[in-house]
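We number each residue from 1, following the sequence as shown. Model, not experiment: these values are computed from the prediction.
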Amino acid sequence: MAVVVIWWRAVLRALRVALPRLLTGTDGLTTRGDRTVAAVLSALFALLAAVGNATGTVLQRLAARTVPAGDAFSPRLVRHLVRNPAWLGGIAVVVGAAACQALALALGSLVLVQPILVTELPLALVIACALARRRLPAAGWAGSLSVAVGLGLALAAAAPSGAGTEVSSATWVVTLLATVGAITLCAAAAAPRPRGKARAALFSAASAIGYALTATLMKSATDIFDRHGPGAFFASWQTYGFVAAGACALFLLANALESGPLVVSQPVLTLGEALVSLALGIVVYGDRVRTGWWLIPEAIGAVLVTWGVLVLSRVRMEDEREE
C-alpha cells in the first residue's frame, strides 16, 4: 500500500502550500500574481486528483480480481471487498481525489481543471504496470506522451481563465434542462440496443455529460462554501445536485463498460467529459480561452490528446484481456 501513502503525503504537502491561499478565499485574488498562483495550485490539485483516481481504479481492479465468481452481485461481494486492503486503499484515495478536485475547482476555472483529468488514463496504465512489475508497451508510452504534450500545448495556447462564479437562476434552468435532456436522450437511445459499440458509445456519452454536470455543480457548491461557510454549503441545492449527478454518471458508466468494448467507451467518456466541461465552463461561468490564431495550436493539442487516448484505450483493453 506504499502507493497510497505516497499519494497522501503529496496531497498533504500541497495542502500546506495552498492553505494560506485557501484561507484568503477567492475574494482575496486581487492582483494578477495572486490569480497566477491560484491557477498553478488549481492545476496541481487537479493533477493530484487525476493521480488519485488512477490509483484508486488500479487498486479496486486488483481487489475485484480476488472476488470468487460466485460472489458477484451478492452481499458476499461487499463483505469480501471490505476485508481487502487494496480495495480499502483504493476507496481512501478516490475520496481524497474527490476532495482534490473540489479544491482545484475552488481555486481555478472549470476549463482549466477538467481537461487535466484526462491524464487519469495514462496514469492508470503506468501505475498498473508499476504495481504488476511489468513494462509498459511502447504504444503505451507513445500514447501517454501524446496526451501529455497535447494537453500541455492546448492549455498553454488557450490560457484558460475564470470570469466569475455568479450564475443566474435562468442559466441554471437552461443548463439543467440541456444536460439532463441530453443524458436522457443518450440513455434512451442506448437502452433498446443490443450489446455492442453503439450501445457502449451512447451510455459513455451520457456518463460523460453527467460527470461534466457534476463538476459544474461542484464548482458552484465549493464557491458557496468559500463565501458563506459550511452551513450554506449543506443548505444549497448544488451540493445535493452534484452528488446526485455523480451517482447517475457512475451508474451510466457501469452500463457503458458492460455494453461493449473498452476501446469505444473509454475515448467517448474521457474526451466527452473534457469537451462538455469546457462548454459548460464557458456558457455557465463565462470562462475564457484565447481565440484567433491561438486556435491552431489548441487544435493541434486536441488532436494529440485524442490520438493518445485512442491508443491508450487499445493498450488498456489488451492489458485487461491478458489479466
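- Contact annotation: the side chain of V149 never approaches that of V305 to less than 4.5 Å [non-hydrogen atoms, C-beta and beyond].
- In terms of hydrophobic clustering, with Ile, Leu, Val, Met, Phe, Trp and Tyr side chains grouped at heavy-atom distances under 4.5 Å, W141 and V147 are assigned to a common cluster.
- Looking at R199, its side chain never comes within 3.5 Å of a backbone N or O of N255 through a donor-acceptor pair.
- Counting only distance, with no hydrogens or angles, the side chain of K219 and the backbone of G108 share a donor-acceptor pair below 3.5 Å.
- Taken to the nearest 0.5 Å, the OG atom of S236 stands 10.0 Å off from the NE2 atom of H228.
- Taking CG of L47 as the start and CG of L123 as the end, the distance is 6.5 Å to the nearest 0.5 Å.
- The shortest heavy-atom contact between E298 and R290 is OE2-O, 2.7 Å.
- Electrostatic pairing of D223 and R227 counts as a salt bridge here, judged by a charged N lying under 4.0 Å from a carboxylate O.
- Proximity of S161 to D287: side-chain heavy atoms (C-beta onward) are nowhere separated by under 4.5 Å.
- Considering CG of L125 and OG of S313, their distance stands at 8.5 Å, rounded to 0.5 Å.
- Between A206 and C186, the shortest heavy-atom contact is CB-CB, 3.8 Å.
- Linking Ile, Leu, Val, Met, Phe, Trp and Tyr residues whenever their side-chain heavy atoms come within less than 4.5 Å places W8 and L48 in a single cluster.
- At least one side-chain heavy atom of L59 sits less than 4.5 Å from a side-chain heavy atom of L131.
- Under the 4.5 Å side-chain contact rule for hydrophobic residues, F242 and L278 do not share a cluster.
- Between the side chain of T239 and the backbone N or O of F233 there is at least one donor-acceptor pair closer than 3.5 Å.
- S277 places none of its side-chain heavy atoms less than 4.5 Å from the side chain of V111.
- S146 contributes a side-chain N or O that, together with a main-chain N or O of L304, makes up a donor-acceptor pair within less than 3.5 Å.
- Remark: side-chain polar atoms of R133 are not paired, donor with acceptor, to backbone N or O of C129 under 3.5 angstrom.
- Side-chain atoms of S42 come within 3.5 Å of backbone atoms of A104 as a donor-acceptor pair (strictly under, hydrogens ignored).
- Put simply, the side chain of T171 never gets that close to the backbone of V167: no donor and acceptor are under 3.5 Å apart.
- Shortest non-hydrogen contact noted between V276 and A212 is CG1-CB, 3.5 Å.
- Smallest separation of non-hydrogen atoms from I127 and A54: CD1-CB, 4.1 Å.
- When all heavy atoms are compared, the tightest approach of S144 to L136 is OG-CD2, 4.4 Å.
- In this structure, V93 and G52 approach most closely via the heavy-atom pair CG1-O, 3.0 Å.
- V94 and W7 end up in different hydrophobic clusters when Ile, Leu, Val, Met, Phe, Trp and Tyr side chains are linked at under 4.5 Å.
- Side chains of F234 and Y240 form a contact here, defined as non-hydrogen atoms less than 4.5 Å apart.
- Expressed to the nearest 0.5 Å, how far CG of L280 lies from CD of E273 amounts to 11.0 Å.
- Side-chain contact between L117 and Q101: present, with at least one pair of heavy atoms (C-beta onward) separated by less than 4.5 Å.
- For the atom pair CG of L312 and CH2 of W307, the computed distance is 8.5 Å after rounding to the nearest 0.5 Å.
- Inter-residue side-chain proximity for Y211 and L269 is flagged as met; some heavy-atom pair is nearer than 4.5 Å.
- Under the 3.5 Å distance criterion, the side-chain polar atoms of Y285 are matched with a main-chain donor or acceptor of S220.
- Looking at T270, its side chain never comes within 3.5 Å of a backbone N or O of P267 through a donor-acceptor pair.
- The closest side-chain donor-acceptor pair between S207 and S204, if any, does not fall under 3.5 angstrom.
- Under a hydrophobic-cluster definition in which Ile, Leu, Val, Met, Phe, Trp and Tyr are linked whenever side-chain heavy atoms come within less than 4.5 Å, directly or via other members, V173 and V284 are assigned to different clusters.
- Atom CD1 of residue I209 and atom OG1 of residue T216 lie 11.5 Å apart, to the nearest 0.5 angstrom.
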